[in-house]
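Order of the sequence lines fixes the chain letters, A, B, ..., with proteins taken first and strands second; residue numbering starts at 1 for each chain.
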2 protein chains.
Amino acid sequence: MREKIYVHVADDHKILIEGIMAVINTDEEIEVRDYSLTGQEVIDWFDNNENKADVLILDITMPVLDGFEVLKYFKKNKINQKVIILSSYDDVKIVQEVLNLGCKGYISKNNAGVHIVKAIKAVAKGQQYFSDDIQGILLQSLSGEMVPQGEMPDKFLLDSLTERELDVLKLITKQYSTAEMADFLNLSVNTVETYRKSLLKKLNVKNAVGLAMYAVKNNIV
Amino acid sequence: MREKIYVHVADDHKILIEGIMAVINTDEEIEVRDYSLTGQEVIDWFDNNENKADVLILDITMPVLDGFEVLKYFKKNKINQKVIILSSYDDVKIVQEVLNLGCKGYISKNNAGVHIVKAIKAVAKGQQYFSDDIQGILLQSLSGEMVPQGEMPDKFLLDSLTERELDVLKLITKQYSTAEMADFLNLSVNTVETYRKSLLKKLNVKNAVGLAMYAVKNNIV
DNA sequence: ATAGTACTCACTGAAAACAGTGAGAAGGTT
DNA sequence: AACCTTCTCACTGTTTTCAGTGAGTACTAT
């Protein structure tokens with residue numbers, strides 16, 4: 001009979017812990033032994049507990065001590081704890097930083113359900129594991145480029161927009177088509193078209209992308 | 001025999017939906033009928049579905065359309081849908097805004113487990129319900145104090161982009177048309193079209209605006 | 001009363017974007 | 001040698017966006 005894999009889960013959202021437990025406990029090989037709601041709790045648990053966990057599922061953002069601090073603690077004390085990061089942050093820098101801190105797996109919360117069990121088993125065996133979206137981010141980072149930006153948002157232009165134009169602008173940034181906007185706003189397609197053209201003219205851009213970029217620059221989204 | 005309360009859950013994190021289902025389904029009176037991963041899906045579901053839900057559990061931050069937009073849609077179309085917000089944001093302004101938009105309950109994700117069932121039953125009966133931490137925030141807001149809150153970027157699935165795809169993506173954000181890009185990159189119009197379509201598919205967005213917004217979020221521009 | 005602005009809608013025509021399919025060449029990997 | 005990825009291009013057809021013009025209603029300010 002194969003030995004069980006013991007897991008400790010750390011996340012400040014209890015509901016998410018319950019979700020993970022529900023998913024993990026469908027697998028006979030894995031058992032969630034305990035959980036923590038803050039980084040401090042994690043460290044305390046590993047300090048004062050004989051029943052260490054084989055794998056630690058760790059959130060980045062937690063009160064008291066975040067995931068980074070927990071990883072640093074393990075590294076500092078040369079504790080060879082296998083850690084899988086479960087995070088909403090799909091940023092390259094964060095992924096690279098936790099890898100430097102010795103974590104063995106990284107799963108985006110967006111699709112944790114399909115990855116968590118596989119990840120635990122892989123990491124327990126000493127392998128690494130990354131969900132496919134994280135893999136993509138790591139690959140992309142190899143051909144990265146940085147372009148700094150610096151422009152003043154144009155208050156005059158922004159003020160000149162009417163309520164309806166702002167409605168349309170916001171929906172455009174959410175990828176609505178004209179027909180969809182008309183439906184949503186209970187307006188004629190022609191009317192929405194009018195606002196769209198008015199926006200193009202007022203903001204002096206050539207297409208919907210220009211509108212979206214303007215909206216971003218001026219924190220309308 | 002008492003009638004069941006039918007619930008629809010909307011959150012962009014599947015794992016959280018699974019957690020909620022696990023908790024809710026312990027109660028015989030409540031049944032989760034369906035779920036959505038984006039605001040758009042929620043609206044589509046309520047548009048095209050005979051089996052409406054009694055209560056909608058709604059996350060604020062979702063791709064495509066966020067919780068605010070969903071509430072606005074209900075309000076605009078005079079749909080009297082009972083909504084409980086399930087959110088990580090414990091900010092007064094947000095709570096007040098969703099209340100203005102007609103939502104009947106607000107639960108913090110931090111302690112959703114103990115509140116969700118009670119909240120559903122209360123709201124289904126036409127009452128309001130707020131988890132105790134939210135109540136505290138509302139009370140605190142009456143005695144004037146502001147506590148700024150952090151941010152949670154919600155990025156989603158990413159396949160790795162090729163060099164050429166990145167070239168095209170960058171030019172799209174600069175409002176280049178396909179023909180202009182072809183000229184600039186010394187490529188056929190058809191070729192640029194191919195990259196454009198490939199980007200739409202890989203990044204799972206529906207138009208050039210979606211591509212631009214993705215580029216912004218991921219600091220490609 | 002008049003002028004201005006916002007809101008609403010219609011019509012036409014051209015340009016661009018989107019969708020689907022197929023396919024050859026070059027390069028690297030196993 | 002077989003395979004995979006990327007890059008390149010073509011063809012067809014539909015949908016959406018963009019451009020220009022015109023026009024009625026309502027409310028506000030002078």
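Side chains of A:Arg196 and A:Met181 form a contact here, defined as non-hydrogen atoms less than 4.5 Å apart.
At the phosphate of D:dT8, OP1 or OP2 sits under 4.0 Å from a side-chain N or O atom of B:Arg164. Note on A:Thr178: every side-chain N or O is 4.0 Å or more away from OP1 and OP2 of D:dT16. Listed pair A:Tyr195 / C:dT8 meets the phosphate criterion, a side-chain N or O lying under 4.0 Å from OP1 or OP2.
The cationic atom of A:Arg33 (NZ for Lys, CZ for Arg) lies less than 6.0 Å from the six-membered ring centre of A:Tyr6 and within 45° of the ring axis.
Following rounding to the nearest Å, B:Gln175 (CD) and D:dC18 (C1') show an atom-to-atom distance of 13 Å. The CG-C1' distance, from A:Asn190 to D:dT21, rounds to 13 Å in whole Å. For the pair A:Glu193 CD and D:dT21 P, the interatomic distance rounds to 16 Å; values are reported in whole Å. The distance between atom NZ of B:Lys197 and atom P of C:dG20, rounded to the nearest whole Å, is 9 Å. Taking atom CD of A:Glu163 as the reference point, atom P of C:dC7 lies 7 Å away to the nearest angstrom. Taking atom CG of residue B:Leu169 and atom P of nucleotide C:dA17, one finds them 14 Å apart after rounding to whole Å. Atom pair A:Leu187:CG and C:dA6:C1' shows a separation of 13 Å (rounding to whole Å applied). Distance, A:Leu166 CG to C:dC7 C1': 14 Å, rounded to whole Å.
Between C:dA17, C:dA6, C:dC9, one nucleotide has an atom nearer to the side chain of A:Thr162 than all others, and that is C:dA6. Taking every side-chain heavy atom of B:Thr194 into account, D:dT8 is the closest of D:dT16, C:dA17, D:dT8. Comparing D:dT8, C:dA17, C:dT8 by their closest approach to the side chain of B:Arg196 singles out C:dA17. In the set D:dC7, C:dC7, C:dA16, C:dA16 carries the atom at the smallest distance from any side-chain atom of B:Ser177. Between C:dC18, C:dG20, C:dC7, one nucleotide has an atom nearer to the side chain of B:Asn207 than all others, and that is C:dC18. Side chain of B:Thr191, nearest nucleotide from C:dA16, C:dT8, D:dC9: D:dC9.
For the pair A:Glu193 (side chain) and A:Ser188 (backbone), a donor-acceptor distance under 3.5 Å is absent.
Looking at heavy-atom distances under 4.0 Å, A:Glu165 makes no contact with the nucleic acid at all. Heavy atoms of A:Ala208 sit under 4.0 angstrom from primed sugar atoms or phosphate atoms, though from no base atom.
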Check the pair B:Asp11, B:Ile20 against side chain to side chain contact (heavy atoms under 4.5 Å, CB included), reporting the backbone distance first and the verdict last. CA-CA 10 Å; B:Asp11 193 297; B:Ile20 292 170; 5.7 Å; no
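With respect to the salt-bridge test (charged N to carboxylate O, under 4.0 angstrom), the residues A:Lys109 and B:Asp12 do not qualify.
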